[in-house]
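What follows is a single structure, written as structure tokens, with notes after it.
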Amino acid sequence: MIEDEKREYRYEHRGEHWLRTLGIILATLIGAFLAFYVVSDIRFNRMMDPVYQMRKMEKMMQREEKSLMRLDDRFGENPFEPKLAPMLVNLVKEPGEYKVIVDLKPIGGSEKNVNVKLEDNVVTVSGEVERKERNREDITSFSQSYYLDEKLDADRMTKERKGNKYVITIPYVD
């Protein structure tokens, strides 16, 4: 008799079990649809907001401007002409002496990278520095020569570092 009651109870509640399962499935589908709808609506309203579109456009324009600046720095106005480097070596004439001033920043900040040669009234300043980074190797080299009219006193030539400048002083006789 107890087994018959159990079978009867299962038979009566079998329909409720399917209804409960169907209700859970429907509630899940409706919840997913509502979540999708709310997220889509928020996204759509955000996309249609003019302020959002302006910010997005500004970011795109800034990226493009940076890209063009890099191209301009790389090639200049004419991509077939080499870009001139800033002056590394400057010559200054003062009463009784010439001063050759070398900017050390682009060549590694060391005067050891600079060579000075004085021969037949021609002063030649040259140098080279090699930088190695991850997968890249940069070599910066320069050479500048100056012909000087006066009689130079090579024995009294001095070299000294002043901050980021290397100053070579060459006295001359009038």
Side-chain angles (χ1 to χ4, degrees), residues 35-174:
F36 177 77
Y37 176 77
V38 168
V39 169
S40 300
D41 188 50
I42 290 171
R43 183 77 175 148
F44 180 74
N45 286 336
R46 187 177 201 196
M47 284 177 26
M48 298 309 284
D49 182 25
V51 174
Y52 174 76
Q53 291 299 325
M54 288 176 67
R55 282 189 203 134
K56 194 173 175 183
M57 187 65 89
E58 282 177 11
K59 286 181 184 177
M60 279 179 27
M61 288 173 64
Q62 287 172 353
R63 277 195 306 263
E64 290 300 316
E65 185 178 355
K66 284 180 185 176
S67 173
L68 287 173
M69 294 287 279
R70 282 193 303 265
L71 279 175
D72 190 40
D73 287 344
R74 194 171 194 186
F75 294 116
E77 289 184 21
N78 185 350
F80 300 107
E81 286 182 12
K83 189 172 181 184
L84 295 175
M87 292 297 291
L88 296 176
V89 181
N90 292 307
L91 178 68
V92 178
K93 183 177 181 179
E94 294 182 353
E97 65 187 12
Y98 283 101
K99 287 193 177 188
V100 180
I101 303 168
V102 182
D103 186 9
L104 296 174
K105 284 182 196 175
I107 54 171
S110 174
E111 64 270 11
K112 295 174 186 172
N113 298 331
V114 179
N115 302 318
V116 180
K117 188 170 83 171
L118 179 59
E119 194 173 290
D120 297 330
N121 283 7
V122 176
V123 178
T124 302
V125 180
S126 61
E128 181 173 289
V129 66
E130 190 173 320
R131 289 186 200 109
K132 292 182 182 179
E133 295 176 9
R134 296 181 189 143
N135 296 329
R136 183 177 167 181
E137 184 176 326
D138 288 335
I139 299 174
T140 302
S141 63
F142 69 96
S143 178
Q144 184 71 42
S145 296
Y146 297 99
Y147 176 76
L148 307 174
D149 291 333
E150 286 82 6
K151 183 174 179 351
L152 302 176
D153 190 359
D155 296 332
R156 292 190 351 196
M157 179 172 69
T158 61
K159 303 173 191 174
E160 67 178 317
R161 181 178 180 147
K162 292 183 179 178
N164 284 326
K165 305 288 183 201
Y166 189 49
V167 180
I168 300 118
T169 305
I170 309 166
Y172 65 86
V173 180
D174 286 327

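Start at 1 with the first residue, then count along the sequence. Please read all numbers here as calculations on a predicted model, not as lab measurements.
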Criterion side-chain contact (heavy atoms from CB on, under 4.5 Å) on Lys159 and Val114, from CA distance to verdict: CA-CA 11 Å; Lys159 303 173 191 174; Val114 179; over 6 Å; no
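- Considering all non-hydrogen atoms of both residues, Phe142 and Val89 come closest at CE1-CG2, 3.7 Å.
- Looking at every heavy atom in both residues, Glu150 comes nearest to Asn121 through O-ND2, 3.1 Å.
- Atom-to-atom distance recorded for Tyr172:OH and Glu97:CD is 8.5 Å, nearest 0.5 angstrom.
- The shortest side-chain heavy-atom distance between Leu91 and Val123 does not fall under the 4.5 Å cut-off.
- At distances below 3.5 Å, not a single donor-acceptor pair connects side-chain atoms of Asn164 with backbone N or O atoms of Leu104.
- In this structure, the separation between OH on Tyr166 and CZ on Arg161 is 10.0 Å, given to the nearest 0.5 Å.
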Steps toward side-chain contact (heavy atoms from CB on, under 4.5 Å) verdict (Thr124, Gln144): CA-CA 6 Å; Thr124 302; Gln144 184 71 42; over 6 Å; no
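- Contact record, Asp120 with Tyr147: O-CE1, 4.2 Å, taken as the closest heavy-atom pair.
- Rounding to the nearest 0.5 angstrom, the gap separating the OG1 atom in Thr169 from the CD atom in Glu160 is 6.0 Å.
- Considering only heavy atoms from C-beta on, Ile170 comes within 4.5 Å of Leu118 through its side chain.
- Rounded to the nearest 0.5 angstrom, Met69 CE and Gln62 CD are separated by 12.5 Å.
- Rounded to the nearest 0.5 Å, atoms CD1 (Ile42) and OH (Tyr37) are 10.5 Å apart.
- Between Ile168 atom CD1 and Lys99 atom NZ the span is 11.5 Å, to the nearest 0.5 Å.
- Proximity of a side-chain donor or acceptor of Arg46 to a complementary backbone N or O of Met48 within less than 3.5 Å is not detected.
- Environment of CD in Glu137: crowded, with over 12 heavy atoms of neighbouring residues, nucleotides or ligands closer than 6.0 Å.
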